[in-house]
Amino acid sequence: MELVHSGKVRDVYADGDDLLLVASDRVSIYDVVLPTPVPGKGRILTQLSLWWFDRLADITPNHVISGTDVPREWKGRAIRCRRLDMVPVECIARGYLAGLGLASYRESGSISGVPLPPGLGEASQLPEPVFTPTTKAAVGHDEPMTYADVVDLAGAETAEELRRVTLAVYQRGRTLAAGRGIIVADTKLEFGRAPDGTLVLADEVLTPDSSRFWPADEYEPGRPQHSLDKQYLRDWSARIGWDRKPPGPEIPADVVAAMTARYTKLFERLTTQA
């Protein structure tokens, strides 16, 4: 096996014609990997992604070959997957206003060129989910893209397919999570092309690293929400005054424990029901 890429959280190995996607316990915020791992995080990301891939298979094919045919040392945190020609777009679906989407709305009344009605506030539910893509930067920060930008980059047919499938995945995820008392505020997806040209869902899907999850029974628009995702760590970093530049701060033990508890609670609430 050969290490072909080491990302902020995942390492990618070539194994013959396949790839092995291995989720570590590393954690990154604002594109900076923090020095403290979160024990068990990689396993949760992997197992939750596999759970979602199974429940989305009728909407879109995915890159999974096997979640079990992996080296013993990576069991539970690795996926054997197909090689794809990745589309250089981060495909984001938003159903609620939060994060950079909220900041963009406050500045312009729109997100990625999609106009939204006036009078919305933090955590407001949008009239309908919107597709708000960004660039996929190799280094530095992803930048907002309009739908026209995606058309220019990938072509009209691919842009329409990305938007359609992204919103369908989000809607399925939102519906399943709602039945388990969880709001999916937004999610980020990645896609690639198989050798036959088929668009394929890749990387991770609807995890607490790639999405915002809020307990429905605590939801109250107009304020920050109790999060079961990485937002908790972003909020902690703001409280300590970190400037979002490397090197990242060490995460204290109580914050690590709280992160683990939130990720575990989300995983169990989503996956332990029929």
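Pro129 places a side-chain heavy atom less than 4.5 Å from the side chain of Gln171. You'll find the side chain of Phe213 stays beyond 4.5 Å of the side chain of Ser227, heavy atoms only. The shortest side-chain heavy-atom distance between Thr207 and Trp52 does not fall under the 4.5 Å cut-off. Val150 places none of its side-chain heavy atoms less than 4.5 Å from the side chain of Thr158. Using a 4.5 Å heavy-atom cutoff, the side chains of Arg269 and Pro215 are in contact. Looking at heavy atoms from C-beta onward, Tyr13 lies out of side-chain contact with Pro71 at the 4.5 angstrom threshold. Inter-residue side-chain proximity for Pro249 and Ile240 is flagged as met; some heavy-atom pair is nearer than 4.5 Å. Contact annotation: the side chain of Ile92 never approaches that of Pro133 to less than 4.5 Å [non-hydrogen atoms, C-beta and beyond].
Between Ile44 and Phe267, the shortest heavy-atom distance links the atoms CG2-CB, 4.1 Å. Scanning both residues, Pro208 and Leu228, for their nearest heavy atoms gives CB-O, 3.6 Å. Pairing each heavy atom of Arg82 with each of Pro61, the nearest pair is NH2-CB, 4.2 Å. Counting all heavy atoms, side chain and backbone alike, Arg212 lies closest to Gly99 at NH2-CA, 3.3 Å. The nearest pair of heavy atoms linking Ser66 to Thr68 is OG-N, 3.0 Å. The minimum heavy-atom distance linking Ala14 with Val4 is given by the pair CB-CG1, 3.9 Å.
Proximity of a side-chain donor or acceptor of Ser28 to a complementary backbone N or O of Val33 within less than 3.5 Å is not detected. Between the side chain of Arg180 and the backbone N or O of Leu270 there is at least one donor-acceptor pair closer than 3.5 Å. The backbone N or O of Met145 sits less than 3.5 Å from a side-chain atom of Ser112, completing a donor-acceptor pair. Between the side chain of Trp242 and the backbone N or O of Lys245 there is at least one donor-acceptor pair closer than 3.5 Å. In this structure, the side chain of Arg55 does not engage the main chain of Leu176 through any donor-acceptor pair within 3.5 Å. Looking only at distances, no side-chain donor or acceptor of Ser124 sits under 3.5 Å from a matching main-chain atom of Leu97. A donor-acceptor pair is defined here as one N or O able to donate and one able to accept, closer than 3.5 Å; such a pair exists between the side chain of Asp149 and the backbone of Thr146. For Arg234 (side chain) and Ile29 (main-chain N/O), no donor-acceptor pair under 3.5 Å exists by modelled atom type. Between the side chain of Gln225 and the backbone N or O of Arg223 there is at least one donor-acceptor pair closer than 3.5 Å.
Val165 and Val205 fall within a single hydrophobic cluster, where Ile, Leu, Val, Met, Phe, Trp and Tyr are joined by side-chain heavy atoms under 4.5 Å apart, directly or via other members. Linking Ile, Leu, Val, Met, Phe, Trp and Tyr residues whenever their side-chain heavy atoms come within less than 4.5 Å leaves Leu162 and Val130 in two separate clusters. Val87 and Tyr170 end up in the same hydrophobic cluster when Ile, Leu, Val, Met, Phe, Trp and Tyr side chains are linked at under 4.5 Å. Residues Ile111 and Val89 are members of separate hydrophobic clusters, defined by side-chain heavy-atom contacts under 4.5 angstrom among Ile, Leu, Val, Met, Phe, Trp and Tyr. In the hydrophobic clustering of this structure, Ile183 groups with Leu48; members are Ile, Leu, Val, Met, Phe, Trp, Tyr whose side-chain heavy atoms approach within less than 4.5 Å, directly or through other members.
Counting non-hydrogen atoms of neighbouring residues, nucleotides and ligands closer than 6.0 angstrom, the CD atom of Glu73 exceeds 12 such neighbours. For Arg244, the CZ atom is loosely surrounded, since the number of other residues' heavy atoms within 6.0 Å does not exceed 12. The environment of Leu100 atom CG is sparse: at most 12 non-hydrogen atoms of other residues, nucleotides or ligands sit within 6.0 angstrom. Open room surrounds CG on Asp17; 12 or fewer heavy atoms of other groups in view lie less than 6.0 Å from it. Around the CD atom of Glu218, the shell of radius 6.0 Å holds more than 12 heavy atoms that belong to other residues, nucleotides or ligands.
The residues Asp15 and Arg80 are annotated as salt-bridged, a charged nitrogen and a carboxylate oxygen being separated by less than 4.0 angstrom. Ion pairing between Lys136 and Glu190 holds under the 4.0 Å rule for side-chain N and carboxylate O. One finds a salt bridge joining Asp209 and Lys41 here, because a Lys/Arg side-chain nitrogen approaches an Asp/Glu carboxylate oxygen to under 4.0 Å. Salt bridge Asp31/Lys8: present, at least one basic N to carboxylate O contact under 4.0 Å. Ion pairing between a basic and an acidic side chain is recognised when a charged N comes within 4.0 Å of a carboxylate O; Glu204 and Lys188 show no such pairing. A salt bridge does not link Asp25 with Arg43: none of the charged nitrogens is closer than 4.0 Å to a carboxylate oxygen. Ion pairing between Arg26 and Asp11 holds under the 4.0 Å rule for side-chain N and carboxylate O.
Within the model, atoms CD1 of Ile79 and CH2 of Trp74 stand 13.5 Å from one another, a figure rounded to the nearest 0.5 Å. Distance CZ/Arg77 to CG/Leu21: 12.0 Å, rounded to 0.5 Å. Within the model, atoms CG of Leu167 and CZ of Arg94 stand 12.5 Å from one another, a figure rounded to the nearest 0.5 Å. Annotation: the span from Leu233 atom CG to Gln231 atom CD amounts to 9.5 Å, rounded to 0.5 Å. One distance of note links CE of Met259 with CG of Asp254; it measures 12.5 Å at 0.5 Å rounding. For the atom pair Thr134 OG1 and Asp142 CG, the distance stands at 4.0 Å (nearest 0.5 Å).
In summary, the side chains of Ser211 and Thr187 do present a donor paired with an acceptor at a separation below 3.5 Å, with no hydrogens or angles considered. Using modelled atom types and a 3.5 Å distance limit, the side chains of Thr198 and Asp196 yield a donor-acceptor pair. For the residue pair Ser49/Thr46, the side-chain donor-acceptor check at 3.5 Å is not satisfied.
For residues 85-119, the ring-ring contact (aromatic ring centres under 6.0 Å, His included) pairs, not counting sequence neighbours, are Tyr96-Trp214, Tyr96-Tyr219.
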* To do: Please report the C-alpha distance between Asp229 and Leu266 in whole Å, then the side-chain angles of each, then the deciding distance to 0.1 Å, and finally whether the side-chain contact (heavy atoms from CB on, under 4.5 Å) criterion is met.
  => CA-CA 8 Å; Asp229 54 69; Leu266 175 72; 5.8 Å; no
* I would like to know whether His226 and Tyr232 meet ring-ring contact (aromatic ring centres under 6.0 Å, His included); could you show each step before the answer? => CA-CA 8 Å; His226 179 83; Tyr232 173 77; 8.3 Å; no
* Tell me, with the steps shown, if Leu189 and Val169 meet side-chain contact (heavy atoms from CB on, under 4.5 Å). => CA-CA 9 Å; Leu189 306 173; Val169 167; 3.7 Å; yes
* Intermediate values then yes/no, side-chain contact (heavy atoms from CB on, under 4.5 Å), Leu206 and Val184 -> CA-CA 9 Å; Leu206 289 160; Val184 184; 4.0 Å; yes
* **Worked check of side-chain contact (heavy atoms from CB on, under 4.5 Å) between Leu20 and Val12** => CA-CA 6 Å; Leu20 287 168; Val12 182; over 6 Å; no
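With sequence neighbours excluded, the residues forming a salt bridge (Lys or Arg N to Asp or Glu O under 4.0 Å) with Arg193 are Glu161, listed by chain and number.
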